[in-house]
Amino acid sequence: MLPLRPQAQVGGLQTSLSLVSSDPLLSPDEPRSNSNNLHESPAESASSQETWPTADAAAAKKMENGKAEVNCLEQKVIHRVSSSDKVTLQDVARESVCMICEKMHHLPEEYLEELKNGLRSILEGGNGSQHREDFFILQKLVQSRTDLTAKTLVRAHRVQLEILVAINTGIQGFLHPSISLSQTSLIEIFGYKRCRNIACQNQLPADDCTCEICTNTNGFCNLCMCVICNKFDFEVNTCRWIGCDLCSHWTHTDCAVREQLICMGPSSKSGAGLSEMVFRCQACNRTSELLGWVKDVFQHCAPSWDGEALMRELDYVSRIFHGSKDPRGRKLFWKCDDLKEKFKSKKMDSKAVCRAILMFFQELEVDSAKCLENGESGTLIAPQDACNRIAEVVQEAIRKMEMVADEKMRMFKKARLALEACEHELADKAREVTELKMERQKKKLQIEELEKIVRLKNAEADMFQLKANEAKREAERLQRIALAKQDKSEEEFTSNYLKQRLNEAEAEKQYLYEKIKLQESSRASQSSSGGDPSQMLIYSKIHDLLYSVPSKADSQGNERHPFRTNP
């Protein structure tokens with residue numbers, strides 16, 4: 001049998017996320033038809049949808065609070081972004097890559113985050129049919145464009161590329177803030193060159209598979225997706241997935257039951273003419289037995305299951321062997337129903353149920369061996385039948401050896417691809433280190449040059465400060481000289497002015513003296529001839545006044561013009 005389905009690493013994501021099918025013709029809410037009614041697959045099982053691991057109610061409540069905060073933030077952002085600069089989801093899906101990229105470079109981070117949250121709410125489908133219709137319109141716009149190639153998407157904005165990939169795949173995980181894929185990976189996922197399962201991320205077609213499904217189905221990964229519904233989930237170590245022994249492709253148990261790929265077929269281990277429940281792979285059209293596979297799953301994984309998980313697995317086994325017609329398959333179907341009833345009625349706990357089903361598988365194996373021994377001892381085998389059985393055993397051994405070889409080859413190819421990816425990443429990191437060293441050296445030279453300029457400017461500033469101090473001292477010295485000269489010039493002017501006034505007074509005195517002398521002479525001549533005594537009195541007063549004028553004039557000049565600058 002094919003090994004158990006490998007564990008997918010989700011990268012530590014704790015937030016619950018639901019994802020929408022990338023097929024626009026199928027809606028997650030529209031049930032599929034099913035002809036069987038009793039113990040059959042549900043209309044649309046949880047395992048046939050792309051879902052993230054569910055988180056607890058606290059995480060869901062935290063998301064709701066985060067959405068409320070984002071709604072408040074949206075109102076703030078809208079006030080800051082003009083209507084002409086806004087970008088809507090329809091614009092991203094319809095307009096050219098370069099134009100949207102240029103607009104997004106000028107938008108604030110809060111607005112871009114709100115744009116992503118808007119698409120996430122549409123993918124969650126909280127508004128029912130309206131959100132489904134909006135999503136189908138956006139997906140039709142994106143998938144109908146022919147300009148979205150690897151060359152054009154290289155120039156896209158990071159948020160623009162995440163939105164385009166989320167619309168094309170219908171997976172909102174690409175919009176989650178804690179998931180950050182490289183631009184190259186996003187472009188390859190958009191172009192169906194890489195698995196859209198974030199936990200897988202294998203190059204497509206996986207393991208270089210050349211089957212019709214891997215070659216013709218866009219985005220299909222045979223390592224993590226169902227061959228029928230082309231969806232993935234993160235369930236491992238479970239009977240929800242059935243793997244093909246030959247081509248290693250996986251199928252949901254619900255999908256296999258619904259498509260009637262689980263049916264009666266010839267047994268590869270029992271005698272000729274016997275039949276058992278087998279799974280017919282849709283990828284390679286070959287069959288794989290189911291009883292041994294179910295036994296291996298329970299033996300390896302049942303001890304770690306809790307009661308709820310054990311009941312789910314028993315329910316899946318009941319669906320698988322519901323139509324079984326061989327004795328072992330019917331016994332297993334009856335045993336599963338019996339254990340489920342006892343667990344529901346609390347007659348047995350989960351550990352007792354686990355021990356009972358494992359004991360039942362051991363009893364089946366013992367009974368099968370006894371039946372084969374009895375059949376072989378009771379009848380003689382014809383030579384042709386013996387040869388046929390030997391050929392079947394050899395073919396089974398060869399088939400298992402080929403399966404192991406194929407598995408080893410796949411592991412080798414995967415390891416080689418991982419090694420090449422590590423080498424490429426190492427080379428990229430080395431180039432980045434070299435660029436960082438060159439950038440560091442360049443910055444160091446720039447810093448040294450700036451330091452030189454700073455030192456030069458400081459020296460110039462010191463020199464100019466010294467010259468300014470010298471100029472200040474010279475100005476103070478010149479100011480003192482000017483004040484001294486001003487005082488001296490004022491003293492000289494005052495002295496010259498007084499001398500001039502004195503000379504003028506002397507000249508006027510001399511003039512008046514001469515005039516008086518002349519008048520006295522004329523008066524003497526008149527007195528001799530008999531003059532008037534009143535005239536004599538007037539002349540004497542004039543004489544006294546004239547002799548007193550120079551001293552008064554000098555004193556008045558000193559008082560009125562002590563600081564005169566112009567004569």
Side-chain angles (χ1 to χ4, degrees), residues 5-13 17 19-24 50-52 97 116 119 123 139 142-143 145-176 178-227 229-234 236 247-250 283 410-429:
R5 193 164 182 258
Q7 175 72 42
Q9 300 296 330
V10 190
L13 183 65
L17 294 173
L19 293 94
V20 182
S21 170
S22 61
D23 189 356
E50 297 177 347
T51 56
W52 290 85
V97 174
K116 292 167 61 176
L119 179 57
L123 294 176
Q139 192 175 62
V142 172
Q143 294 180 351
R145 293 176 60 176
T146 58
D147 61 322
L148 298 178
T149 61
K151 293 182 179 179
T152 57
L153 292 177
V154 170
R155 299 190 293 270
H157 190 275
R158 170 78 186 187
V159 176
Q160 178 186 10
L161 187 57
E162 290 175 351
I163 291 175
L164 289 174
V165 173
I167 293 175
N168 191 42
T169 61
I171 301 174
Q172 62 163 311
F174 297 106
L175 306 174
H176 200 273
S178 64
I179 296 177
S180 178
L181 300 179
S182 64
Q183 186 178 17
T184 304
S185 298
L186 290 173
I187 294 174
E188 290 177 349
I189 292 172
F190 186 88
Y192 306 112
K193 301 298 182 183
R194 185 181 291 273
C195 178
R196 66 179 182 272
N197 183 356
I198 299 175
C200 180
Q201 289 289 295
N202 276 286
Q203 293 284 344
L204 299 181
D207 293 336
D208 298 327
C209 182
T210 57
C211 73
E212 183 178 357
I213 293 179
C214 291
T215 304
N216 298 330
T217 306
N218 287 333
F220 177 76
C221 176
N222 58 42
L223 299 180
C224 66
M225 295 183 185
C226 175
V227 173
C229 66
N230 296 338
K231 296 178 183 178
F232 63 88
D233 58 39
F234 300 97
V236 295
C247 67
S248 301
H249 285 44
W250 294 89
R410 282 195 298 271
M411 292 174 62
F412 173 74
K413 289 181 179 179
K414 190 171 183 179
R416 186 179 62 184
L417 291 175
L419 179 61
E420 291 177 355
C422 290
E423 290 178 350
H424 289 315
E425 186 176 0
L426 184 61
D428 294 339
K429 296 296 182 182

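All values below were derived from every heavy atom in this structure, side-chain atoms included, with hydrogens, water molecules and symmetry-related copies excluded.
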Rounded to the nearest 0.5 Å, what separates atom [atom1] in [X] from atom [atom2] in [Y]?
| X | Y | atom1 | atom2 | answer |
| --- | --- | --- | --- | --- |
| C211 | F220 | SG | CZ | 7.0 Å |
| N230 | I213 | CG | CD1 | 7.5 Å |
| C221 | H249 | SG | NE2 | 9.5 Å |
| L148 | I187 | CG | CD1 | 11.0 Å |
| L204 | N202 | CG | CG | 7.5 Å |
| H157 | Q183 | NE2 | CD | 10.5 Å |

[Y] side chain reached by [X] side chain, heavy atoms, under 4.5 Å:
| X | Y | result |
| --- | --- | --- |
| C200 | M225 | no |
| I171 | R196 | yes |
| I189 | Q201 | yes |
| I198 | H176 | no |
| C224 | C195 | yes |
| F174 | L161 | no |
| T184 | R194 | no |
| N168 | Y192 | yes |

Kindly give the heavy-atom pair with the smallest separation between [X] and [Y], and that separation in Å.
| X | Y | answer |
| --- | --- | --- |
| D147 | T152 | O-OG1, 2.7 Å |
| I179 | G173 | CD1-O, 3.5 Å |
| N222 | C214 | ND2-SG, 3.3 Å |
| C209 | T215 | O-OG1, 4.3 Å |
| I167 | Q139 | O-NE2, 3.2 Å |
| R410 | D207 | CD-OD2, 2.7 Å |

**Request:** For Q172 and L119, indicate whether the former's side chain and the latter's backbone hold a donor-acceptor pair under 3.5 Å.
**Result:**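 No, Q172 side chain to L119 backbone: no donor-acceptor pair under 3.5 Å.
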**Asked** Among pairs that include at least one residue of residues 152-171, which meet salt bridge (Lys or Arg N to Asp or Glu O under 4.0 Å), considering only residues two or more places apart or in two chains?
**Response** K116-E162, R158-E162
**Crowding at CD, E212 (>12 non-hydrogen neighbours, <6.0 Å)** =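 At most 12 heavy atoms, drawn from other residues, nucleotides or ligands, come within 6.0 Å of this atom.
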